[in-house]
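Have a look at the structure below before the remarks.
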Amino acid sequence: MQTKRMTYPGRFLPYALLAPQVIVTLIFFIWPAGQALYQSLLREDAFGLKTTFVGLENFARLFRDGSYLNSLSVTAVFAIGTTLLSMTVALLMASTVNRMIRSRTTYTTLLVWPYAIAPALAGVLWWFIFNPSIGIVPYMLEMVGYRWNHRNSGSDAMLLVIFAAAWKQISYNFLFFLAGLQSIPQSLIEAASIDGASPTKRFWTIIFPLLTPTTFFLLVVNVVYAMFDTFAIIHATTAGGPAQATNILVYKVYADGFVGLNLGSSAAQSVILMVIVVALTMIQFRFIERRVNY
Amino acid sequence: MVENRPWANLIAHIVLISGVALVAFPVYVAIIASTHSLSGLLQGTLPLLPGGHGIENYTRMWQSGVSNAGAPPAAQMLWNSFIMAMAITVGKLSISLLSAFAIVYFRFRFRMFFFWIIFVTLMLPVEVRIIPTFQVAADLKMLNSFAGLSIPLIASATATFLFRQFFMTIPEEMLEAARVDGAGPLKFFKDILMPLSVTNIAALFVIMFIYGWNQYLWPLIITTDPDYYTIVMGIQRMTSEENPQWQLVMAAVVMAALPPVLVILFMQRLFVKGLTETEK
């Protein structure tokens, strides 16, 4: 880690300055994370009277458990669906806004505000629109002969949560794509168009390759978002149902631990999630450092 | 744009307007629904034009709430949300400023150790370690209190890293000059570092206020007393009933979404700065 050449000497002051952050972190972060690690190695009997040390048995059980494997694939579908949908729409919007000159700020403002809406509220809004008895979208779908019911149909429920999650994320992706587009030198694009490249060709051969770093970064951020920040969307709409069809990993940790009271298994799931998020954060951080250093 | 093609501009506007319409549609539906009576909403399909019960619905939600669902008046839930969001924001900003200052401007034993303790918390969300965190808060008797709502969520390092990055870009000469003039560390922090960080602080303020306001799972498990319900989680309690009072739920949704949306609209420049610098 780089440091300043010149620093203040201090024996007690730096510790005093760090104390609040470190204390809060130790109590509400390091300790619970350690507890999760510890509990993941224990098994409690049904009455909570006896705990035995079972080593990695909880993890082994998880990977033999059909509902956990189901949750893994549900999470994959959900994360990929949400990421693709929100990034495609955002890229389309950003590249269109980028060609505007006078109306750019207005459109940006109009597209940015969903960032401020809580995931739980996004869930409630889409749930309402798709409500099988009074919602407006099922009514329209009925006219083209489709009976929408996310209470019975797993695929309908999955679509519902993907829409809600992607909707919330469009504004974030949009801002980053727009920033990425604006950092592409205009001269490159002008040169290409003098050479006779059509707008589509310019996009795929010049603009999109230059956007790769932004796209990669957003890919990681979106996967993190879909996997970890969408708890509220699932909880407020489908609660993991119907028949586990939308039971993503982060929801299953909560459901197994708080509702099912299976602490050992829930803790093992927490540990797996922590490993995933740390790995993803490392990837992100490497990217961040690279960006900062030039 | 390189060449000027009127038809291409027209298509671009059409694409953008439909995009904006699509993005705004759910909120439009919520606003419309909040102006109808419940029987008006249940008549088959949702109306797309405003009805005449708006004032009535909002007043009722604001003053008395949906009492049979145990949801307190919206005014109180909004106030709780505000206190929680402010506590989280101010808390995070102050501990992060202090620790970033210590890490950048001092050399001391275990500096790297502390740095790594803070570093590991970067981005690991409360959702994945929810049960042990809840147990800690319960052991500390923090259930149903504003301290319990906010302090556990202060433990995250993003702001510390941002301030660290920013402090690194401040020229060394600043510190040299301050030391030559005999300014001690606290004076340097207060009179030089803080004024230079004002924009960064404001930008982060916007992001963190929204983060705090929109919290859901943590308030849901840590508060069982309606006196401490926040608006975002209170809405979930209202929808999980047998027959939700949709018009009141939607009025509450609009009121819950309004403060953070207004913050973004008025502070857009700072918000974008905070966001892109958080992630860059």
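Only this structure's heavy atoms are used, side chains among them; waters, hydrogens and symmetry mates stay out. Naming convention: chains lettered A, B, ... in sequence-line order (proteins, then strands); numbering from 1 in each chain. As the structure is a prediction and not an experimental result, all values here were calculated from the model.
Phe271(B) has its ring centre less than 6.0 Å from the ring centre of Tyr115(A). Checked against a 6.0 Å centroid threshold, the rings of Tyr251(A) and Tyr254(A) count as neighbours.
Counting only heavy atoms from C-beta outward, the side chains of Trp213(B) and Thr230(B) never approach each other to under 4.5 Å. Side-chain atoms of Ile117(A) and Trp167(A), non-hydrogen and from C-beta on, do get closer than 4.5 Å to each other. Under the 4.5 Å side-chain criterion, counting only non-hydrogen atoms from C-beta, Leu218(A) is in contact with Tyr172(A).
Using a 4.5 Å heavy-atom cut-off against chain B, the contacting residues of residues 103-112 of chain A are Ser103(A), Tyr107(A), Thr108(A), Thr109(A), Leu110(A), Leu111(A), Val112(A).
Proximity to chain A is limited to the side chain of Leu265(B), based on heavy atoms less than 4.5 angstrom apart. Only the side chain of Ile210(B) comes within contact range of chain A, with at least one heavy atom under 4.5 Å from a heavy atom of that chain. With a threshold of 4.5 angstrom between heavy atoms, Ile11(B) does not approach chain A through any atom at all. If you measure heavy-atom distances from Leu97(B) to chain A, you find no contacts under 4.5 Å at all. The part of Phe114(B) that comes within reach of chain A is its side chain, from C-beta onward, which places non-hydrogen atoms under 4.5 angstrom from that chain. When heavy atoms are compared at a cutoff of 4.5 Å, Met250(B) approaches chain A solely by way of its side chain, counted from C-beta outward. Heavy atoms closer than 4.5 Å to chain A are found nowhere in Ala252(B), neither backbone nor side chain. Contacts between Gln135(B) and chain A at a heavy-atom distance below 4.5 Å involve the side chain alone, from C-beta outward.
No other option in Gln39(A), Met100(A), Gln269(A) has as many heavy-atom pairs under 4.5 Å with chain B as Met100(A).
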